[in-house]
Amino acid sequence: METMTKPLALVVEDDPHLSQIFMITISEMFETEAVANGTQAIARLSETAPSLVILDINLPGASGMEVLHFIRTDARFASTRVILATADSRKADELEDKADIVLLKPISITQLREFASRLVV
Amino acid sequence: MTFEYTPYILPLIAAELVIVSVAFYSWRHRSTNGALALSLMSISIFIWVFGNIFEITGVELETKYFWGVFKYIGVAFTPYGWLIFSITYSDRAKILTRRFLILTAVIPTITVLLALTTKWNRLIWSEYHLDQQGDYFSIGVSYGFWFWVHFAYSYLLLLSGAVLLIRVLWRRQGMYRWQVVAMLIAVLAPWIGNILYFTGNTPFPFLDFTPFTFTITVTAVAWAIFGFRLVDITPIARDHVVDSMREGMIVLDERGYILDINSAAARMIDVPIASVIGKTAEVVFRPWSHVVERFRDVMEAKDQITVREGEEERSYEVRLSPLKSAEGQFMGRVIMLRAMDEEALQQERDLLERRVQQELAERLHTQVLLRESEERFRQIVENANDFIYRTDVNGNFTYVNPSTLKIMGFASEQELLGRHYLELAAPEYRHKLKRVYEHQFLRKTKSTYYEFPAVTADQEIVWLGQNVQLILDDGQAVGFQAVGRDITELKQAQEALALSRDQALGASRFKSQLLSRVSHELRTPLGGILGYAELLQYNAFGSLTEKQHSIVDNIIESTNYLTVIVNDLLDESQIESRSLSLHNEYFNPAELLEKIRNTMSMLANKKGLAFHTEIAPDLPAELYGDMNRLQQILINLVGNSIKFTKTGEVRINLKRPAPALWSMEVRDTGVGIPVSDQQNIFEPFRQVSNSITRENRGSGLGLAITKQLVELMGGKIKVESSAEAGSLFTITLPITNAPGE
């Protein structure tokens, strides 16, 4: 019963190792689910309406930016928080306004855990 | 109106006939001096007499009145015509301006108008009635005021004309005696008539005698000016000089009739003077017919003619010049003849000889000069290293210099002359070349430069660069002239240069792209390593032994180091490829320091170092710049300071050293930098010797990136340091505003 109370986090990451690391890192606070590309992400989002999305920018299928746009323009996801992960430091500056948190890869799990807990109380 | 015949009109009718013929004749010959005025004067008198005839034959008073008034048209204008004639005949036509003609016609015009209406104004005739003289009735009149004005004016004009003509007669000595007589009659007739009329010595006291006297005048004038051809032109002075000259003189009128000839000329042609005047030149000069033929239509000439007379040949110098009237009208020609005796001929021949010699010498000299200059040019062209050739308009070679042959590999010019230039061009360039020179030809462009490959006789490719000039003759293009050189080596060098430049550019681009890509791609596996290691550390996969913990720490540390290197590499590659751009905006310098403090103070404190920041009070509260990059710079410098300082402090000072500058100082109490190393610490991969320890290693790019960022911001970085005395890094930046402010 206790697990049912945890909010849902969707990890959108095409690298399976990173995906696994992200899930383990936040598994104490979130129910986690992972998809490996943007198209799947959009499909899954509509079904689950997660509280948190950890979103890689550079994705196969629909790009991270498209997924972000999808989340931000749909009222169902008004309360969904987004942590963006990018390898491009230049992009990181530009994206700061659009996401709740932007983390530059490689992501320290200490940081990730801290931000995730701060976003979804 | 009824009319009655009276014999008095017979002399008038006779006068009318004479006047009509004079009027007609002078009109037909109106080009003769004075004839036109004479014609007009005749018409006036004709009207006068015409009116007079009907006045006399009219029965009723009103009929007589009508014609009596009518005749004033003629009466008023006869003296006017006379004046005009006198002026013209005396060669004073220049004063006959339109203004003069109008002004002198004012009084006659008024007279006519008043006369036609005198019944009402009574200014010409104040009263008129029938007067009986035996069985003949004439009109008797009393003259009004204007009649006397007209009278006085008419005599004034008559007198003026008479004076002018008498002066002419006095001056012109070349006139014939009877001509003078005729003119004198013309001048005097009106006066004598008037004297007779006023003294009452006329056969018919009631008949106005004036029309008759004027009839005499115009007839005499006509006789004077038409009676003899001589008067077709203004008579020429013909005095002793002319007649006693050694030179012969002949005057021809515009139709070629002889008007005058002097004794010398008559002797030369061997004709009596009297028999040739008035004959045409052809008739008189029959023995000289070829001469006449030669000069028939010549106005002005100077020449030498030779005439055979029996066995003898005689030479004359002939000069022809035109005669013109005062108005510049052509009136005839004067021929002057000068006999050339043996001495004169010899002189003439010598002169001619000398001239010919002189001319020849000059020409010879010119030819020598020309040949010399031609030779000079030929040598230049033949010895030039440049190729020089000419073609005709179609493009076929008409000249090629030795260099052309050498470059193109031909042995003799015969192999090229007559061939088309396009045959030498590399086939794939022929079309282009053809267009270039067709264009030059059509546009008449003076000069063009073009480079193209040509094929030599040995089938080798040579690149040629040539200046081609259009050869123009009188605005028409008649060919092309080309000067140029073999630029094959130049071309090859250019191509090699272009290739290596492209390669270098490509390599540099490739390096930047590679670095960028590699550093991107490295982040994901780095994330994996770091992530798993951290998870291990958090005991996410079960608790670790102490030894295992320490190994995981090492993994994390190495990964962090690798991450720094990857980040620096990326920055460096972006700066290098100039793809890094600044995101300038207004920021608060206090906020900047706060962020540095947040990230760095913990690190400093961990090593037991004090960390201070300070902002000078005169620093603006807002600065314009890329805060993220400034932060990066400070973190870099502060990070270095912390790394190389064991005890003491690290301090950041923000200052305003000049009104337009601000500065960031990072000072530490660390190991310092030896002077020998201060020069190159800002170069990539340079690190202070022996400074690398496990704790303070970096990518070796930090200061290089810092310096490049500072320079990108338009600032400067400098270091002051000595070994063991700590370091001071000062970054000075301009205070700027956002563009457009």
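In what follows, every chain begins at residue 1, and chains take the letters A, B, ... in the order their sequences are listed.
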Problem set entry | Arg81(A) to Phe115(A), cation-pi by 6.0 Å centre distance and 45° axis angle | no
Exercise. So, Asp15(A) side chain and Leu18(A) main chain: donor-acceptor pair closer than 3.5 Å or not?
Worked result: yes
Exercise. Where along residues 539-553 of chain B does a heavy atom come under 4.5 Å of chain A, listed by residue number?
Worked result: Ala540(B), Phe541(B)
Exercise. For Ser108(A), is it the side chain, the backbone, both, or neither that has a heavy atom closer than 4.5 Å to a heavy atom of chain B?
Worked result: both
For this session: Might you confirm whether atom NZ of Lys607(B) has over 12 heavy atoms from other residues, nucleotides or ligands at distances under 6.0 Å?
Result: yes
For this session: Check whether any side-chain N or O of Thr645(B) sits under 3.5 Å from a backbone N or O of Ile642(B) as a donor-acceptor pair, and report yes or no.
Result: no
Seminar exercise, completed: Residues of residues 527-534 of chain B with a heavy atom under 4.5 Å from any heavy atom of chain A, in residue-number order, are Gly527(B), Gly528(B), Leu530(B), Gly531(B), Tyr532(B), Glu534(B)
Donor-acceptor contacts, no H, no angles, side chain residues 590-599 of chain B, under 3.5 Å, sequence neighbours left out:
from, atom 1, to, atom 2, distance (Å)
Arg597(B), NH2, Thr613(B), OG1, 3.1
Thr599(B), OG1, Lys595(B), O, 2.8
Thr599(B), OG1, Ile596(B), O, 3.2

For this session: Determine, stepwise, if the pair Val67(A) / Leu45(A) fulfils side-chain contact (heavy atoms from CB on, under 4.5 Å).
Result: CA-CA 9 Å; Val67(A) 178; Leu45(A) 272 166; 3.9 Å; yes
Exercise. Of the backbone (N, CA, C, O) and the side chain (C-beta and beyond), which part of Glu28(A) lies under 4.5 Å from a heavy atom of chain B, both, or neither?
Worked result: neither
Exercise. Tell me the salt bridge (Lys or Arg N to Asp or Glu O under 4.0 Å) pairs involving residues 62-80 of chain A, sequence neighbours left out?
Worked result: Arg72(A)-Asp100(A), Asp74(A)-Arg76(A)
For this session: May I have the step-by-step check of side-chain contact (heavy atoms from CB on, under 4.5 Å) for Phe611(B) and Leu603(B), ending in yes or no?
Result: CA-CA 10 Å; Phe611(B) 186 71; Leu603(B) 206 62; over 6 Å; no
Exercise. For Thr524(B), is it the side chain, the backbone, both, or neither that has a heavy atom closer than 4.5 Å to a heavy atom of chain A?
Worked result: both
